[in-house]
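Working notes, structure below.
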Amino acid sequence: MADFHQWLGLGLIVVCALAAFVGGVRFWRRRGAGHVTTHLLALAQTLLVAQVAVGLLLLADDRRAAEQLHYLYGSLSLGAVLAPWFYAPTEGPRRLLWFAGTTGVAAALAIRAYTTGPA
């Protein structure tokens with residue numbers, strides 16, 4: 001299960017970075033989110049929730065990360081990607097910017113969490 005957690009983390013980083021990039025380009029070009037961008041952002045959120053769930057299963061099995069910061073960065077990345085649901089405007093282009101921006105932050109935090117995990 002630890003290998004799955006590691007591979008899921010790599011996939012998560014790629015999807016978050018891609019979703020943030022596509023969302024940022026769509027915002028910059030002053031277009032709506034569109035179906036692909038919406039699905040990418042939802043996939044990034046889903047993968048983050050799944051990654052945290054697998055991490056909690058590993059903790060329940062008494063497997064610990066090499067550094068305690070791993071848990072902080074993982075939790076912060078989940079919080080970052082879920083924050084727009086509470087703070088973003090209800091509609092308009094700024095909503096897309098909120099979701100794309102926080103997904104980019106989540107990707108950066110997930111990279112940091114990946115580097116502090118088990119070797």
Side-chain angles (χ1 to χ4, degrees):
M1 175 134 355
D3 290 336
F4 178 68
H5 186 63
Q6 190 172 12
W7 283 105
L8 185 60
L10 283 175
L12 166 79
I13 291 167
V14 170
V15 169
C16 281
L18 180 65
F21 177 76
V22 170
V25 168
R26 298 284 296 192
F27 175 79
W28 183 62
R29 290 186 175 178
R30 300 198 192 298
R31 298 191 176 159
H35 295 297
V36 173
T37 308
T38 304
H39 290 299
L40 275 173
L41 290 167
L43 178 62
Q45 293 171 359
T46 304
L47 287 176
L48 259 164
V49 170
Q51 180 73 337
V52 170
V54 171
L56 289 173
L57 287 174
L58 287 170
L59 272 175
D61 196 29
D62 237 4
R63 295 186 176 182
R64 307 277 183 222
E67 296 181 36
Q68 295 291 321
L69 281 175
H70 180 75
Y71 308 116
L72 174 68
Y73 288 123
S75 300
L76 287 176
S77 64
L78 180 63
V81 84
L82 296 178
W85 289 105
F86 301 106
Y87 300 112
T90 56
E91 57 188 44
R94 292 191 62 217
R95 182 170 178 84
L96 173 61
L97 183 63
W98 264 87
F99 275 94
T102 56
T103 302
V105 170
L109 289 166
I111 290 170
R112 187 63 181 124
Y114 188 82
T115 61
T116 59

Smallest heavy-atom separation, A100 atom then G24 atom, equals CB-N, 3.8 Å
Joint hydrophobic cluster, L72 plus L82, side-chain heavy atoms closer than 4.5 Å: no
Applying side-chain hydrogen bond (donor to acceptor under 3.5 Å, both in side chains), can you list everything that pairs with W85, at least two apart in sequence or on another chain? Q45
Identify all side-chain donor-acceptor contacts of residues 34-44 below 3.5 Å with residues at least two apart in sequence or on another chain.
unit_1: T37; atom_1: OG1; unit_2: A33; atom_2: O; d: 2.8
unit_1: T38; atom_1: OG1; unit_2: G34; atom_2: O; d: 2.6

Residues that, via side-chain heavy atoms closer than 4.5 angstrom, fall in one hydrophobic cluster with Y87: F86, W98
Non-neighbouring partners of A113 that pass side-chain contact (heavy atoms from CB on, under 4.5 Å), sequence neighbours left out: H70, Y73
Show every donor-acceptor pair shorter than 3.5 Å between a side-chain atom in residues 103-111 and any protein atom, with sequence neighbours excluded, or say none if there are none.
unit_1: T103; atom_1: OG1; unit_2: F99; atom_2: O; d: 2.6

Quick one: CZ on F27 to CG on L96, what's the gap to the nearest 0.5 Å? 7.5 Å
Going only through I, L, V, M, F, W and Y residues with side-chain contacts under 4.5 Å, is there a path from V52 to L59? yes
So if you build clusters from Ile, Leu, Val, Met, Phe, Trp, Tyr with side-chain heavy-atom gaps below 4.5 Å, do V81 and V54 land together? yes
For V25, what residues pass the side-chain contact (heavy atoms from CB on, under 4.5 Å) criterion, not counting sequence neighbours? F21, R29
Does L57 belong to the same Ile/Leu/Val/Met/Phe/Trp/Tyr cluster as Y114, with side-chain heavy atoms less than 4.5 Å apart forming each link? no
Could you list the residues that satisfy side-chain hydrogen bond (donor to acceptor under 3.5 Å, both in side chains) with T115, not counting sequence neighbours? R112
Is there a path of hydrophobic side-chain contacts, each under 4.5 Å between heavy atoms of I, L, V, M, F, W or Y residues, that connects L69 with L58? no
I need the full list of salt bridge (charged side-chain N to carboxylate O under 4.0 Å, His left out) pairs touching residues 87-101, with sequence neighbours left out, sorted by first then second residue. none
In Å, rounded to the nearest 0.5 Å, how long is the span from CG of L56 to OH of Y71? 10.0 Å
Using the salt bridge (charged side-chain N to carboxylate O under 4.0 Å, His left out) rule, collect all pairs that involve residues 41-63, keeping only residues at least two apart or in two chains. D61-R63, D62-R64
For residues 10-18, please give each side-chain donor-acceptor pair under 3.5 Å, one per line with the distance, not counting sequence neighbours.
none

I'd like to check the side-chain contact (heavy atoms from CB on, under 4.5 Å) partners of V49; sequence neighbours left out, ordered by chain and number. L78
Inter- and intrachain pairs under side chain to side chain donor-acceptor pair (under 3.5 Å), touching residues 46-60, at least two apart: H5-Q51
